[in-house]
Every structure is written in structure tokens, then in C-alpha cells.
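Below, chains carry the letters A, B, ... as their sequence lines are ordered, and counting in each starts from 1.
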Amino acid sequence: MAPRVRFAPSPTGYLHVGGARTALFNWLFARHTGGTLILRIEDTDFERSSEEMVEGILEGMRWLGLNWDEGPFYQSKRLPLYKETAAKILAAGHAYYCFCTKDELEQRRAAATAAGRPPMYDRRCRQIPREEAERRLAAGETAALRFAVPEGGSTSFDDAVFGKVEFANSEIEDFVLLRSDGIPTYHLSVVADDVDMRLTHIIRGADHISNTPKQVLQYRALGAALPIFAHVPLILGPDKTRLSKRHGATSVISYKQMGIVPEAFRNFLALLGWTPGQLKDANGKDREIFGSDELIQLFSLGGISKSNSVFDNDKLAWFNTEYIRAYPSEQLLPLIQEEWAKVGFTPTRSEQEITHAIDLLKPRARNLIDFATAFRAYFGDSFEVDPTAREKFLSGQVPELLRELGSRYAAATEFSEASAEALLRAFAEEKGLKAGALINGSRVALTGQGVAPSLFAVMLALGQERVVRRLSQIQ
RNA sequence: GGCGCUAUCGUCUAGGGGUUAGGACGUGAGAUUCUCAAUCUUAAAACCCGGGUUCGAUUCCCGGUAGCGCUACCA
């Protein structure tokens, strides 16, 4: 039977890094096994869910290139299923009505905590006879429906990542299935949907481990077959606490905004908490760069690690530069064009010149934004000269000499890397100067930057006309 | 507090009863002198602690400690 898995985000926030990795693992697993990935929006918390967040989540998934096969299904539109499922559990004798109000429960919880007792529900409504409950309901009283957890014994499951995990039933609360307003809680809706959607594997964050026995109990009550659970350890911030806003960017989309290439982000995320094992490259080093096809081919639940991992921005930056370098410039161009559009920049060069410049710049790019900021001079004629670079390389006589050098280039009949270099070196010698001073000055005059590829390669990428103009006009 | 899970360089990780404990990112040093955010070379850097089992534990077992998660009519 082909596996069926799901990614089930709650639209109470954007798609964050942890959710994205869960989505990625589900996607890799589905693609690897030829299974089906279902997208399900868990929006039963009407207070906190929003349509806008749903769109944000979909945008994040699209950016990462994670497509799904079924859905998106919205839990808010599947309420009848949950009521029906709850009725089944009730009919099977595994649930009861609870007339305690939220306030009462809160008070009792506070009292229990103060007295040093565990703040679990005391099961008092479990004693209410069914007929009495029905009568009170008919009389207009509202009640929540709670699951009746077995008194003794334990509930366990075999996790694909963690192995056997067991909980004493005495530790499991009689949790609420249906709130008093008839809206299901998460505990019920997940199980109802996971059963209804015939899911075979549940791949989700390890923060759900403690919830799992509650779900296992419901599967049993429903007489449904248990799926395979695979809990994925959490992603932490540099201070080893759970990754959150205070660690900086946690939204996937913010990485797009930072000029990260989606494939680089995906590669980075895949290797956070998962490893294909030892795979050596030609130099005998462990491989880390994997394209999506390779990731799909290599992925397995067994490679997921059990311990939490820290999100390392430096490593992500490294993946990003690796991908930018490896991409053919034609493939990079559309991504760069987005950056240009963002800052309202329009290139004034031919497409061929642009791809050539991209190739030249790739090794020095840190992110896609560089192509719209630091590298502007290669694609158009309006650019700023970096003040630090000016101070360092355009001091004293240099600008004047560069203007003179410009007129020499204007008079040149040949313009190749070799001839451009020969001309400059001859000029430097003529003036009794080190070529380096002129080279560095020219670099700043031509690119506005103190850092750039080899100067004569830059000259060729710019063309004779621009070289002449920029050198002649430098102040 | 209770319950659950986890524990190899700063970080991501490989490995596994006997290894110089491997790689990557980052960091330090050097080279290149046409800049560096490119490239090359190079260095430092880890098995949480204590007991057991064993000829031998970083690896297996137990305990401790620490971290994380859960502890809602949130998901």
C-alpha cells in the first residue's frame, strides 16, 4: 500500500522554520515512496486562525517547491466528521459528558497546583449516569465531551524515530474531545482526519510525543489501525531554546527576502536533524550538497536523528553561496530579476552581457540581493561608489591618473583582457607607479566596490566604452 | 513539580566494544599582492558525570546531571 502522509499546519502564524522542515520531511517521504502528501489546515481555533496566515503558509511551501497531492482541506469545513467520530467514541463507551465549566476547571487546577497535586482533571463527571447527562443536556445545559482514559495499564506506540514510547494511563488526562460549543479540540480532529484520510505515517514535530497516547487511545476506541508515528526533533535557536521570534527570522518567507535561494534553504533544512549517513565525495569528504532529486532518493525515516538541532545561520549562508555558484546563470537570472524589481532597478545591458556578468560575479555573491545592490555597476550605469573603497583606493593623485588612463583606453584599437592589462601596466611604468595602485583604483572607479573579480575580466564584462567613460569621469 | 524524550568539536553531524574519534560550517594562522566577501595551505576544537558489564568502554546497562517537550474546552 502506498504511504499517505500529511502536513497539517495551524494557520495561527506564518510558515516557520520548524513547520517547513516537517513539511519537507513529509514531502521527501511521500516522493521517495511514491506516496501521497495531503495538506490539511488545522483551523479549529477560530480565535487565532486567519485566512491571511493560510496564504502565508501556502506561499512558503510554494517557495520551497513543496507541492502536495490532496487538499488543502480545512478542518473548519469538516465539523460534521468530528461530531460523527465523537459519537462513535461515545457509543463505544469511551467518552462521557462533562458539565464542569471552564472557570471551575481553572480554579481547581490552580488549587491543585498550589497544593502540590498534579493539575489533572479529577474525572468527577465520569460518575454521572448517562441518563442524567442526557436529561441535563435536553434541559439546555451545555457540556464538553471527554475521553474516558482507562484506569490502569499503559499506552505505548512504536515510534519510527524514537522506538517504543510508553505512558502510564494514570498520567493521561480525560481530555476534551468536543468543546461545549460543539467544536472539536485538536485531539479529536487530528484522529478523525488521520483516520478518515487513511494516513499510514504521521511525521510531525516531537512536541507531539506527549499527545500521541491520547490519539492511540482514540484509534483503539474507534477500532482503527494505528499509523506509524515518526516524531522529528525540534529546531532550536543558538541559545538552545526552542526557535522563536526572539532569535530573529523564523518565517520561511523572511529567508526569501534575505536573498536565499530556495534550493539552498531546502538542502540546509533537510540536513537539520536528518542525515543520509556517510556519503563521500570524490575527495573522501562527507557530501552535503544534495539536489532535490537526490534528497528524494536518499530520504528515509531511519536517518532522522533523535536529538534537537540548532539552526545555524552561518551554515545556511554557506549553502546559499554554494548554490549560487553552482547555478547556471540563466537559472539565476529570474531570481535576480525579482531582486531588481524589488528595488526598482532596470538593467541597461543586453541579456548576453548580463549572463556573462552573473557568471563573473557568482563566486563572490553572498546572496541574491548582492546582485541588486553591490553588483549594480555590472548591470546598469547608475551606481554609488562605496565610501570606504573610495577612501582606500581613490586617494591623492589616483583619480587624475585614472582619467588619463581612460583616454588611453579610448584610443586603444584592441580591447581584450590581455591588451587591457598590457596597456595599464605600461601606463603605470610610464608614470613610475606600481600597477596595483592603478588596478585597485580602476576597480573602484569601474564597479564602485573595493571587492570585485579580477579587474581585466571586469573590464571585458563592462566593454571598452563603459571603461572609458567611468575612468574619464571619476572624481 | 509530574510525565516523556535526548546527550560526540562553538554548530550540523559520521562512527561505533580496541580508531591518530572522520567530515562540514564557523574561528585562528599563512599564502596569493589585483581587492576579498574569491582561491589555496594550515591550526585549534568533542565522546556530560558516576557506577557497572567486559581483557578493554565514547560505544552496552543502570543512576545522576543538564537540556528540550508536554502538563488547556490551543494546535
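Rounded to a whole Å, the CG atom of A:L360 is 17 Å from the P atom of B:C36. The interatomic distance linking A:D386 (CG) with B:A37 (P) rounds to 13 Å, in whole Å. The separation between A:F229 atom CZ and B:G4 atom P is 18 Å, rounded to whole Å. The nearest whole Å value for the distance from the CH2 atom in A:W318 to the P atom in B:A37 is 19 Å. Atoms CG (A:D286) and C1' (B:C25) sit 13 Å apart, rounded to a whole Å. Per the geometry, CG belonging to A:L236 stands 13 Å off P belonging to B:A7, to the nearest Å. If you take CZ of A:F311 and C1' of B:C25, they are 13 Å apart, rounded to a whole angstrom. Here the P atom of nucleotide B:C25 and the CG atom of A:L269 are 19 Å apart, to the nearest Å.
Side-chain proximity of A:L234 to B:G23, B:C36, B:C68: nearest is B:C68.
Judged by Watson-Crick or G-U wobble contacts below 3.5 Å, the nucleotide B:C74 has no partner. Pairing for B:U11 is with B:A24, a Watson-Crick or G-U wobble pair whose two hydrogen-bonding atom distances lie under 3.5 Å. The partner of B:C47 is absent, by the rule that a Watson-Crick or G-U pair needs both atom distances under 3.5 Å. Applying the Watson-Crick and G-U wobble criteria (two distances, each under 3.5 Å), B:A29 pairs with B:U41. The partner of B:G4, taking Watson-Crick or G-U wobble pairs whose two distances both stay under 3.5 Å, is B:C68.
Looking at A:R366, its side chain comes within 3.5 Å of the base of B:A37 through a donor and an acceptor atom.
Within the 4.0 Å cut-off from OP1 or OP2 of B:U13, not a single side-chain nitrogen or oxygen of A:R287 is found. At the phosphate of B:U11, OP1 or OP2 sits under 4.0 Å from a side-chain N or O atom of A:K240. Phosphate proximity of B:A24 to A:K285: present, with a side-chain N or O under 4.0 Å from OP1 or OP2.
For A:R40 and A:Y74, the positive end is not near the middle of the six-membered ring at less than 6.0 Å and at most 45° from its axis.
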Each nucleotide in nucleotides 70-75 of chain B should get exactly one letter: B, S or -. Can you fill that in based on protein heavy atoms under 4.0 Å?
S-SBBB
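A:E47 comes within 4.0 angstrom of no nucleic acid atom, judged by non-hydrogen atoms across all strands.
Taking the six-membered ring where the residue is Trp, the centroids of A:Y219 and A:F157 are separated by 6.0 Å or more. Here A:H208 and A:Y186 bring their ring centres to under 6.0 angstrom of each other.
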